[in-house]
Amino acid sequence: MAGQFRSYVWDPLLILSQIVLMQAVYYGSLGLWLAVVDGLVRSSPSLDQMFDAEILGFSTPPGRLSMMSFVLNALTCALGLLYFIRRGKQCLDFTVTVHFFHLLGCWFYSSRFPSALTWWLVQAVCIALMAVIGEYLCMRTELKEIPLNSAPKSNV
């Protein structure tokens, strides 16, 4: 196996630690974005903004602010995919996993399955943004030139 390019062994501990790390990045950056947005409009922060599916909406200012925070969070998590996952092929997998656990968290927090159409739309947009931008960033780093000669160049 030493002669194969990018041969990987299935490592469940690595995968679980990456899932936990991406969840931490997701909730940490979402909390940060919600705190920044709430601080700008002098609103009181609440866990409902993060976990209540009914609060997201176009008709109320808190709903619009929460939607904006979720979209900004998708961009931040795309950077998390770049720094912690580093594989373009795995970006969609980790993005869907993060949002699946968020769905479970919302379901557990509000004791009902999220049924608001705006919540599902926001999650779909965030999944698309996070996966596409994360994959783009990872592919850019994967396609960088590999230096073949590490010896210093001499002037002839």
Side-chain angles (χ1 to χ4, degrees), residues 1-40 45 47-53 55-57 63-110 113-153:
M1 268 219 230
Q4 293 179 349
F5 178 70
R6 287 208 182 190
S7 60
Y8 288 102
V9 192
W10 187 67
D11 187 3
L13 186 61
L14 173 67
I15 295 170
L16 286 175
S17 62
Q18 286 175 323
I19 289 171
V20 169
L21 182 62
M22 283 307 299
Q23 285 300 132
V25 167
Y26 181 80
Y27 286 120
S29 62
L30 181 59
L32 181 68
W33 283 116
L34 285 168
V36 167
V37 169
D38 286 340
L40 289 175
L47 272 180
D48 288 341
Q49 292 175 308
M50 200 178 289
F51 291 111
D52 190 7
I55 205 165
L56 291 177
R64 287 191 296 268
L65 293 174
S66 294
M67 288 185 345
M68 185 175 68
S69 296
F70 273 97
V71 170
L72 291 171
N73 186 46
L75 303 175
T76 307
C77 287
L79 292 174
L81 289 171
L82 171 66
Y83 290 113
F84 302 122
I85 305 303
R86 295 183 180 252
R87 296 281 294 153
K89 290 170 53 175
Q90 295 176 340
C91 286
L92 181 63
D93 299 337
F94 280 96
T95 299
V96 171
T97 302
V98 163
H99 283 83
F100 175 74
F101 284 123
H102 180 65
L103 167 70
L104 294 179
C106 291
W107 193 357
F108 180 75
Y109 180 79
S110 62
F113 192 77
S115 61
L117 180 63
T118 54
W119 186 87
W120 287 100
L121 289 173
V122 167
Q123 297 309 312
V125 166
C126 289
I127 288 171
L129 281 174
M130 184 175 161
V132 169
I133 294 172
E135 189 171 338
Y136 172 75
L137 293 173
C138 288
M139 293 296 278
R140 277 189 46 191
T141 59
E142 287 175 357
L143 293 175
K144 283 185 180 177
E145 289 185 20
I146 300 171
L148 298 176
N149 187 4
S150 59
K153 294 181 181 180

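Given the structure is predicted, the values throughout are model-derived calculations rather than measurements. The first residue in the sequence is number 1, and the count goes up from there.
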What distance separates Asp48 CG from Ser66 OG, expressed to the nearest 0.5 Å?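 It is 9.5 Å, given to the nearest 0.5 Å.
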Closest non-hydrogen atom pair, [X] against [Y]:
| X | Y | answer |
| --- | --- | --- |
| Ala131 | Leu92 | CB-CD1, 3.9 Å |
| Val122 | Phe70 | CG1-CB, 3.8 Å |
| Cys106 | Met50 | SG-O, 4.1 Å |
| Leu82 | Cys138 | CA-SG, 3.8 Å |

So do [Y] and [X] actually touch side chain to side chain, heavy atoms under 4.5 Å?
| X | Y | result |
| --- | --- | --- |
| Met68 | Trp33 | no |
| Met130 | Phe94 | no |
| Leu129 | Val71 | yes |

Taking [Y]'s backbone N and O only, do any of them form a donor-acceptor pair with [X]'s side chain (distance below 3.5 Å, no angle check)?
| X | Y | value |
| --- | --- | --- |
| Trp120 | Pro114 | yes |
| Ser17 | Leu14 | yes |
| Gln49 | Ile55 | no |

Which is it for Phe113 and Trp119 under the ring-ring contact (aromatic ring centres under 6.0 Å, His included) test, yes or no, and what are the steps along the way? CA-CA 11 Å; Phe113 192 77; Trp119 186 87; 7.9 Å; no
Which is it for Leu137 and Leu81 under the side chain to side chain contact (heavy atoms under 4.5 Å, CB included) test, yes or no, and what are the steps along the way? CA-CA 9 Å; Leu137 293 173; Leu81 289 171; over 6 Å; no
ring-ring contact (aromatic ring centres under 6.0 Å, His included), that's the test. Do Phe101 and Phe108 meet it? Break it down for me. CA-CA 10 Å; Phe101 284 123; Phe108 180 75; over 10 Å; no
Looking only at side-chain N and O atoms, does Asn73 offer a donor or acceptor that is under 3.5 Å from a partner on Ser29?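 Their side chains do contain a donor-acceptor pair, which is all the 3.5 Å distance test asks for.
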Not counting sequence neighbours, which residues clear ring pair (Phe, Tyr, Trp, His ring centres under 6.0 Å) with His99? List them please.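 Ring pair (Phe, Tyr, Trp, His ring centres under 6.0 Å) list for His99, sorted by chain: Tyr26.
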Arg140 atom CZ: more than 12 heavy-atom contacts under 6.0 Å: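 For Arg140, atom CZ is not crowded (no more than 12 foreign heavy atoms under 6.0 Å).
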Under the criterion side chain to side chain contact (heavy atoms under 4.5 Å, CB included), I'd like the reasoning laid out for Thr97 against Met22: C-alpha separation, chi angles, the key distance, then a yes or no. CA-CA 9 Å; Thr97 302; Met22 283 307 299; over 6 Å; no
Evaluate the side chain to side chain contact (heavy atoms under 4.5 Å, CB included) criterion for residues Arg86 and Thr141: first the C-alpha distance (whole Å), next the side-chain angles of each, then the deciding distance (0.1 Å), finally the verdict. CA-CA 8 Å; Arg86 295 183 180 252; Thr141 59; over 6 Å; no
